[in-house]
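Read the structure below first, then the notes.
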Amino acid sequence: MIKRVVVTVLVLALAAAYAVAGPAVGVKVGTLGLGAEATLPLGEKTNLRIGVNGASIDLSGFAETDDEIEGATDIELTLDLSTVAALLDWHCFDGGFRLTGGAMLNKNEAVMDASLDESVEIGDAAYLVSALDGTVSFGDIAPYVGIGYGNAVDEEGRFTFAFDLGVMFQGSAEVEITATAANAALQAALNADLAKEAQTIEDDVEGITLYPVISIGFAYSF
């Protein structure tokens, strides 16, 4: 229900941006991936920004087999970035400097796929499994605060430079690890050990609740 409300608000805001004189559109790149956004002026010093960001980054070269899960080979690790942002900018001084607050629909996640050519050790037991998959995700709705520079609807020029520096409060990580045991009789025990391993990983990264947001870009006003 919350997702539906958020998406509806974003769609209506984007529609309004083109119904009001002076909107702007822009592109950006940063720690949230590649992005596109629309800016709608709400007042003399206040703007609404609606944006989407995304990227898929292959981190397989940095993946290492966990000490608690031995026997996995050919590990593929991908960071999938996907966010939808609704941000309110306040240009508290004359010029481009701004304070920003808002929220993001956060679908960022890390996905692991590992091929196996031998039994895999999980905890204190060894299992023969067909494949091993894992995901690390965070809360769907993430508050955002930051600062930045650039006013896309500045009347002094059509093209403007934009810079953002802030943090997304993504919450604690949610880890899920799945595998299918070759011996069906061992599936219940395998699931229990995988759940313990997932909990261990969640405990290890419990303090990582903030995601840094840095981006640069350009915008064009109509």
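Other members of a hydrophobic cluster containing V111 are absent, since no ILVMFWY side chain comes under 4.5 Å of it, directly or through relayed contacts. When hydrophobic side chains of Ile, Leu, Val, Met, Phe, Trp and Tyr are connected at separations under 4.5 Å, L210 ends up clustered with V145, V167, F169.
A side-chain donor-acceptor contact under 3.5 Å links T31 to the backbone of P212. Between the side chain of H91 and the backbone N or O of F97, at least one donor-acceptor pair lies under 3.5 Å.
When side chains are defined from C-beta on, L128 does not count as touching N183, because their heavy atoms never get closer than 4.5 Å.
In the hydrophobic clustering of ILVMFWY residues, with side-chain heavy atoms under 4.5 Å counting as a link, F93 and L42 come out apart. Cluster membership for I122 and I201, using ILVMFWY side-chain heavy atoms within less than 4.5 angstrom, is shared. Under a hydrophobic-cluster definition in which Ile, Leu, Val, Met, Phe, Trp and Tyr are linked whenever side-chain heavy atoms come within less than 4.5 Å, directly or via other members, V213 and L99 are assigned to different clusters. Under the 4.5 Å side-chain heavy-atom criterion for ILVMFWY residues, a single connected hydrophobic cluster contains both I141 and V52. Criterion: ILVMFWY side-chain heavy atoms under 4.5 Å apart, direct or through other members. Under it, I147 and W90 are part of a common hydrophobic cluster.
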Kindly determine whether T160 and S221 satisfy side chain to side chain contact (heavy atoms under 4.5 Å, CB included), including the steps that lead there.
CA-CA 8 Å; T160 54; S221 62; over 6 Å; no
Can Q199 and E202 be said to form a side chain to side chain contact (heavy atoms under 4.5 Å, CB included), step by step?
CA-CA 5 Å; Q199 185 60 57; E202 288 183 359; 3.7 Å; yes
Output, in order, the C-alpha distance, side-chain angles, deciding distance and verdict of side chain to side chain contact (heavy atoms under 4.5 Å, CB included) for K107 and V84.
CA-CA 9 Å; K107 291 299 183 180; V84 179; over 6 Å; no
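Once rounded to the nearest 0.5 Å, the distance linking NZ of K28 with CZ of F218 reads 13.0 Å. How far OG of S137 is from CG of D80: 11.5 Å, rounded to the nearest 0.5 Å. One finds the CG atom of N151 at 8.0 Å from the OG1 atom of T39 (value rounded to the nearest 0.5 Å). One finds the CE atom of M112 at 9.5 Å from the OG1 atom of T135 (value rounded to the nearest 0.5 Å). Here R98 contributes atom CZ and L88 contributes atom CG; the two are 11.5 Å apart, rounded to the nearest 0.5 Å. One finds the CG atom of N47 at 7.5 Å from the CG atom of L40 (value rounded to the nearest 0.5 Å).
The minimum heavy-atom distance linking Y127 with L186 is given by the pair CE2-O, 4.0 Å. Between F163 and I216, the closest heavy-atom pair is CD1-CG2, 3.7 Å. A pairwise comparison of heavy atoms in A103 and L87 identifies N-CD2, 4.2 Å as the closest pair. In plain terms, the two heavy atoms of A219 and A152 that are nearest each other are CB-CB, 3.6 Å. Contact record, L194 with A179: CD1-N, 3.7 Å, taken as the closest heavy-atom pair. Considering every non-hydrogen atom in both L34 and A55, the closest pair reads N-CB, 4.4 Å.
Checking T83 against N106 by side-chain atom types alone, no donor-acceptor pair falls below 3.5 Å.
Residue pairs meeting the salt bridge (Lys or Arg N to Asp or Glu O under 4.0 Å) criterion with at least one partner in residues 44-56, sequence neighbours excluded, are E37-R49, R49-D89, R49-D164. The list of salt bridge (Lys or Arg N to Asp or Glu O under 4.0 Å) pairs with a residue in residues 207-217, not counting sequence neighbours, is empty.
Counted within 6.0 Å of CG on L165, heavy atoms from surrounding residues, nucleotides or ligands total more than 12; the atom is thus considered enclosed. At most 12 non-hydrogen atoms from other residues, nucleotides or ligands lie less than 6.0 angstrom from OH of Y149.
Residues satisfying the ring-ring contact (aromatic ring centres under 6.0 Å, His included) test with Y220, not counting sequence neighbours, are F159, F222. With sequence neighbours excluded, the residues satisfying side chain to side chain contact (heavy atoms under 4.5 Å, CB included) with Q187 are T180, A181, L190, N191.
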